[in-house]
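Both backbone and side-chain heavy atoms feed into the values below; hydrogens, waters and symmetry mates do not. Numbers restart at 1 for each chain; the letters A, B, ... are given by sequence-line order, proteins then strands.
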There are 2 protein chains.
Amino acid sequence: MKLEKATNGADTATKRRFYDACGTAHALELIGERWALLVIRELMFGPKRFSELRAGLPGISANVLTQRLEGLEAAHIIRRRKLPPPASVQAYELTDWGYEAEPIIQVLGRWATRSPGHDPMQPLSAASLMMSFRTMFDAVRGKWINATIGFRLNGEEFVARIANGKIAIKREDAAGADVIFAGQPTAIAAVVYGGAPLETLDVKGDRALAARFTGLFPLPPKIELGQQV
Amino acid sequence: MKLEKATNGADTATKRRFYDACGTAHALELIGERWALLVIRELMFGPKRFSELRAGLPGISANVLTQRLEGLEAAHIIRRRKLPPPASVQAYELTDWGYEAEPIIQVLGRWATRSPGHDPMQPLSAASLMMSFRTMFDAVRGKWINATIGFRLNGEEFVARIANGKIAIKREDAAGADVIFAGQPTAIAAVVYGGAPLETLDVKGDRALAARFTGLFPLPPKIELGQQV
DNA sequence: CGGCATCCGGGAAGATACTG
DNA sequence: CAGTATCTTCCCGGATGCCG
């Protein structure tokens, strides 16, 4: 006898709640479970399939991903779209409101890079890298750049357009960009955030532009330890 | 590689990690555990003691609060300050970096108020209410107001200063403010966010100002349900 | 292969009782 | 008041297996 399936996170009514009118507390009820926000991050550049999500979330297990997808769908943050047969494959995409969660991801990321425990040299998904560019882009340094930068990252392609001190990034064919980076997201992060030499990367096109691009994303300083105010 | 031993939550090194260079993922390692961010919220207006924290976090149990405080201290987000004997009482306060987490709380709160599941009529701590004012203040509506608003909320006192389209809120003696609200935070929230009549509140001083004040914090519209793009 | 259900072990959260 | 100790419950993670 199936006893209501224990309402594994999908049911907001019986879920563990905070009983707090604070909006922040409610946000944590919606996306505070483990992995939930990272699932949203992976969907920030467009729909993905189950296995694509798993690939971008190192260590998540299939059943937990299923639970998070159920919960996020019940909360109207994502929606599942069934592609037409014969390729009757399901894909998951953010709702409009789900896309509005982008500042949450950015603010958290910007704050956490000041942590002494943050290590930018670990594995990184393509979506993470692209999101980090949106987050850390320095408008002052990028003010005079007008260019398109392409990325080919294990099959996924992105294009960043820099103009008027802003950066816009979309999932899109990289061919035709002024410069194209190819390879693992981690290797590119090592250059942009870890100071590794540009020569370690596979770069096609305007190499001087590539060099300037990698300097557009300064990390904030680490916190001072041992301050005993 | 398996994780050895329990290391009850306080040890960031052996804690459950995401193994992801993404700053957002690291932020979740730091403050993603249940209650952690709400503890930070409670400390946003200054140091508090253990029992004061419990009072503002309905439903947290003492051992969990202890674990969160240990973890947040190990992560350099909070610090414990021992007051001098004979009142050798401990208090917890945010570090400078901990205070920098305020945008996280605000962005989450603003986003979640659009959720159909958000109910502003639930219990609310004083810190939550004050933080919600900082978060939802409408600069346009408040542009022409220049005033100080006092609050007496179960013993805690706050003052909000509105000037030049900005609002600043501090824990401070409410006496001398142009208008003073007294009572339960929930009752004030019912007026500001729930449309309850001002007459349900204990208001001293400039009553017209009080009425204008309660209209300065519009909630964003709820999301459209059933959109089937 | 993609998605989901089920079982299991370990660990985190919740509730209560207890101590300095 | 400020936690600790203990017990229970639930969630997370891994493995397996079913079904289209």
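The nearest whole Å value for the distance from the CD atom in B:Glu52 to the P atom in D:dG3 is 12 Å. Remark: C1' of D:dG20 and CD of A:Gln90 are 12 Å apart, rounded to the nearest angstrom. One atom, CH2 of A:Trp35, and another, C1' of D:dG13, lie 10 Å apart when rounded to the nearest Å. Rounded to whole Å, atom P of D:dG13 lies 11 Å from atom CG of A:Leu65. In this structure, CZ of A:Arg34 is placed 4 Å from P of D:dG13, rounded to the nearest angstrom. As rounded to whole Å, 13 Å separates atom P of C:dC4 from atom CD1 of A:Ile60. Rounding to whole angstrom units, CD of residue A:Glu70 and P of C:dC4 are separated by 7 Å. At whole-Å resolution of the value, CZ in B:Arg17 and C1' in C:dG11 are 18 Å apart.
Take the nearest nucleotide of DNA chain C for B:Ser61 and for A:Ala62: the residue whose nucleotide is more 5' is A:Ala62. Comparing A:Thr66 and A:Phe18 against DNA chain C, the residue whose closest nucleotide sits nearer the 5' end is A:Thr66.
Which of C:dC4, C:dA13, D:dA2 sits closest to the side chain of A:Arg16 comes down to C:dA13. In this structure, of D:dA2, C:dG14, C:dC4, it is C:dC4 that holds the atom nearest to the side chain of A:Arg80. Considering only side-chain atoms of B:Glu33, the nucleotide from C:dA13, D:dG3, C:dC4 that sits closest is C:dA13. Side chain of A:Gln67, nearest nucleotide from D:dC12, D:dG3, C:dA13: D:dC12.
At a cut-off of 3.5 Å, with distance as the only test, a side-chain donor of A:Gln184 or A:Asn154 sits close to an acceptor on the other residue. Side-chain atoms of B:Tyr193 and B:Thr113 form no donor-acceptor pair, as typed in the model, at a separation below 3.5 Å.
When all heavy atoms of B:Ala25 and B:Asp20 are compared, the pair lying nearest together is CB-CB, 3.8 Å.
Side-chain N/O atoms of A:Asn63 and base N/O atoms of D:dG14 include a donor-acceptor pair closer than 3.5 Å.
At C:dA13, one or more side-chain N or O atoms of B:Arg68 fall inside 4.0 Å of OP1 or OP2 (strictly under the cut-off). Between A:Arg49 and C:dC1 there is no side-chain N or O to OP1 or OP2 distance below 4.0 Å. Close to C:dG14, at under 4.0 Å from its OP1 or OP2, lies no side-chain N or O of A:Tyr19.
A salt bridge does not link B:Asp119 with A:Arg17: every distance from a Lys NZ or Arg NE/NH1/NH2 to an Asp or Glu carboxylate oxygen is 4.0 Å or more.
At the heavy-atom level, A:Ser51 lies under 4.0 Å from the strands shown only through sugar-phosphate atoms.
Looking at A:Ile223 and A:Pro116, their side chains come closer than 4.5 Å, going by heavy atoms from C-beta outward.
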